[in-house]
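Worksheet: the structure to be examined is printed underneath.
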Amino acid sequence: MKVKRLFFTFVIFSIIAAGLWSQEAEVEAEAETPVTNLYNLEDLLSATQMNHPELLKLQEEYKRSLLDVKDAWWSLGPTVDLQASGTYMLNPPLGAMYINTDDIINAIQWNGVKPRNSGQRIKIYDGMENTLYNFELTLTQPVFTWGKITNAIKLYKQISEIKLSQITQQTAQLETELKTRLISLYYLNKILEIIDEEETYTDRMVEVSENAEKVGMLLHQDVVDAKIQAKELEIAKQDLLEQINDQLLELKRTSGIELLSLDDINFDFVADLEKSFTSLMEKDPSELESQALSGNQSSIKILTQLEGVSQTAEKIARGYENWKPDLALQMSGGYSGSRFPLFEPNWRRKDDYSLNISIGLKATIWDGGKKVRDVSRKVSESETAQINKANARSTISKTFNSQWNAAQVCKMKIEYQELKIESAAAKISQKEQIYESGYGSETDVLSAKIERCNAQIEKEKQALTRAAACLTIEYLIK
């Protein structure tokens, strides 16, 4: 018995030990597995495309435009209409009809003995029944319409293509907007880190100034100036935090990700974007401008399509001009009787059924010149579309050149701030050596460090401005 108990205890201990070992292994595996919950550019772009209200509305408009195209195609075919009615009459208008036999006898010229009048009446019609049914099936087929139907099909196709182009343009615009917001958050966060560093210097500057004032080495005005500098930095930091919060709120709205913070975003894509900006600025601006003004550019493409819509609408309006008749074939079959079709007694011998074939013609002879004015309106709309296209090309050219010049100026300012940073770093080293030797003051070192921070902040601001300009240029040449 003791051997069995020992064996049973050993088995239980082995099972518990194995369970504990497996749990430790799972914990170690989870610890070794990196947690990747950050949203990269592709994730945010995909979420924005799925949730952005403007893009979703354009997609629904495109779906409706496809339905309009199908409706326009079906206008070429026949339309079939059915009319049916059933009536119950309490007092039918026609009652039973009788004839007097004596009238028949008297109307006959008898050669022999005339029959005696009997006064008998014979029913020749039972009268209308209380029910009356009417059915009519009509088929109308357009034959010739001066191209109005075919041009309408073309018009709806053009409108559908415009909707698709607008979706493409909106998608590109959202991508540019998303990149701009993300890169703004990236640079604003870097500026915030520099401000935090500078804040330590300004706070120390205030502290040193107050101590120097106590021993009579500084005037009170110098202390106030140090406090003003610290307060200005505090205000700038609050404004910066507000800008970051606004950008995050807009990202939440467009992407549909409610719980989105700065720490949830992976900014590794910024390095590739900066390389693309550098490559973009090395290209020939005249070639980029030609690309932005080409027919493949989304805005120009949409305006060209709108111009085609105006021209097609003009053709349709000309089809409605006076003395241009439309021809159509109409076939109709009907039934009118007291019983349902095919259930009426002797229905083959009755004339309750009808079949008609017609050719119809419709033309406007005179309408006070309305049709002529409609054509003039469409011609004016076509000319307006051409003006809009020319104006858009001018606007795109102006925007491109202004953004290109802004990016070039930012590049020079970045180089200028880098020189200031390098100069400030050398000045800091020099001031620190003088301060450590006992001849300088700590305020000189702090002032040099604050100067370097200001140059770093200005550099990041210029980098953000350059990024926005380059992203705008990239959008214009798409």
Side-chain angles (χ1 to χ4, degrees), residues 39-46 48-49 52 55 165-191 243 247 250-251 254-255 265-304 391-421 455-478:
Y39 293 100
N40 55 30
L41 178 61
E42 289 74 16
D43 297 332
L44 292 172
L45 181 60
S46 176
T48 301
Q49 292 176 353
H52 196 277
L55 184 59
S165 298
Q166 287 177 338
I167 291 175
T168 304
Q169 183 188 38
Q170 184 69 29
T171 303
Q173 183 177 338
L174 289 177
E175 182 179 358
T176 302
E177 180 182 344
L178 178 63
K179 288 180 180 178
T180 303
R181 295 191 184 281
L182 290 176
I183 208 165
S184 297
L185 286 172
Y186 173 77
Y187 284 114
L188 291 175
N189 189 44
K190 289 184 70 175
I191 293 174
Q243 293 179 37
Q247 295 290 347
E250 189 62 24
L251 278 177
T254 56
S255 65
I265 302 174
N266 185 0
F267 289 102
D268 292 342
F269 67 93
V270 176
D272 295 332
L273 277 181
E274 289 179 340
K275 291 180 181 178
S276 67
F277 297 156
T278 303
S279 176
L280 180 68
M281 300 307 297
E282 293 175 354
K283 294 182 179 180
D284 185 4
S286 59
E287 294 181 0
L288 292 176
E289 185 177 4
S290 299
Q291 188 174 350
L293 297 175
S294 67
N296 295 326
Q297 203 274 340
S298 57
S299 300
I300 300 296
K301 182 178 180 181
I302 291 175
L303 289 172
T304 303
N391 184 47
R393 290 173 62 88
S394 177
T395 303
I396 290 173
S397 177
K398 179 183 177 181
T399 304
F400 172 83
N401 285 284
S402 63
Q403 295 298 320
W404 178 267
N405 294 332
Q408 293 290 349
V409 171
C410 289
K411 180 182 178 183
M412 291 186 289
K413 288 183 178 180
I414 290 172
E415 294 172 352
Y416 170 68
Q417 294 301 326
E418 288 175 347
L419 291 174
K420 290 184 68 174
I421 293 170
Q456 290 173 338
I457 290 173
E458 188 60 30
K459 176 188 173 183
E460 300 302 332
K461 288 182 178 179
Q462 296 301 324
L464 174 56
T465 305
R466 187 193 72 159
C470 290
L471 286 172
T472 303
I473 293 172
E474 289 181 350
Y475 171 74
L476 290 176
I477 62 178
K478 284 184 179 180

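As a basis for the values below, the full set of heavy atoms in this structure was taken, side chains included, without hydrogen atoms, waters or symmetry mates. Only a predicted model underlies this, so the values are computations on that prediction, with no experimental measurement involved.
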Check whether any side-chain heavy atom of [X] lies under 4.5 Å from a side-chain heavy atom of [Y], and answer yes or no.
X	Y	value
Leu251	Leu185	yes
Gln170	His52	yes
Thr278	Glu274	no
Asn40	Phe269	no
Gln169	Tyr475	yes

Whether the side chain of [X] engages the backbone of [Y] through a donor-acceptor N/O pair (distance < 3.5 Å, no angle test) should be reported.
X	Y	value
Ser279	Lys275	no
Ser402	Thr399	yes
Arg393	Leu293	yes
Ser46	Glu42	no
Asn405	Asn401	yes

Can you see which heavy atom on [X] is nearest to which on [Y], and at what distance?
X	Y	value
Trp404	Lys283	CH2-O, 3.5 Å
Gln403	Ala469	OE1-CA, 3.1 Å
Leu178	Leu44	CD2-C, 3.7 Å
Ser299	Ile396	CB-CD1, 4.2 Å
Leu464	Ile183	CD1-O, 4.1 Å
Lys301	Ser165	CE-OG, 4.0 Å

Distance, nearest 0.5 Å, that separates [atom1] of [X] from [atom2] of [Y]:
X	Y	atom1	atom2	answer
Leu476	Leu471	CG	CG	11.0 Å
Ser294	Ile300	OG	CD1	8.0 Å
Ser298	Leu303	OG	CG	9.5 Å
Lys459	Glu415	NZ	CD	10.5 Å
Glu177	Arg181	CD	CZ	4.5 Å
Ile457	Gln462	CD1	CD	13.0 Å

| said: More than 12 heavy atoms of other residues, nucleotides or ligands under 6.0 Å from CZ of Phe267: yes or no? | reply: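 Counting neighbours around CZ of Phe267, more than 12 heavy atoms of other residues, nucleotides or ligands fall under 6.0 Å, so yes.
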| field | Verdict with reasoning, Gln243 to Gln247, per side chain to side chain donor-acceptor pair (under 3.5 Å) | value | CA-CA 6 Å; Gln243 293 179 37; Gln247 295 290 347; over 6 Å; no
| query | Quick one: do Lys478 and Glu474 make a salt bridge, cutoff under 4.0 Å? | reply |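 No, Lys478 and Glu474 are not salt-bridged.
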| request: Before giving the answer on side chain to side chain contact (heavy atoms under 4.5 Å, CB included), spell out for Tyr187 and Lys461 the whole-Å C-alpha distance, their side-chain angles and the decisive distance to 0.1 Å. | output: CA-CA 7 Å; Tyr187 284 114; Lys461 288 182 178 179; over 6 Å; no
| field | Chi angles and distances behind the side chain to side chain contact (heavy atoms under 4.5 Å, CB included) call for Leu288, Leu280 | value | CA-CA 9 Å; Leu288 292 176; Leu280 180 68; 3.9 Å; yes
| query | Checking side chain to side chain contact (heavy atoms under 4.5 Å, CB included) for the pair Glu175/Lys179: CA distance, chi angles, key distance, verdict? | reply | CA-CA 6 Å; Glu175 182 179 358; Lys179 288 180 180 178; 3.3 Å; yes
| So, Gln291 versus Glu287: side-chain donor-acceptor pair below 3.5 Å or not? |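 Judged by distance alone, the side chains do not pair up.
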| said: Pair Asp284, Ser286 - check side chain to side chain donor-acceptor pair (under 3.5 Å), show working. | reply: CA-CA 6 Å; Asp284 185 4; Ser286 59; 2.9 Å; yes
| message | side chain to side chain contact (heavy atoms under 4.5 Å, CB included), that's the test. Do Thr171 and Leu55 meet it? Break it down for me. | response | CA-CA 7 Å; Thr171 303; Leu55 184 59; 3.8 Å; yes
| request: For side chain to side chain donor-acceptor pair (under 3.5 Å), just list the numbers for Glu289 and Ser397, CA-CA rounded to whole Å, side-chain angles, deciding distance to a tenth of an Å, and then say yes or no. | output: CA-CA 7 Å; Glu289 185 177 4; Ser397 177; 2.6 Å; yes
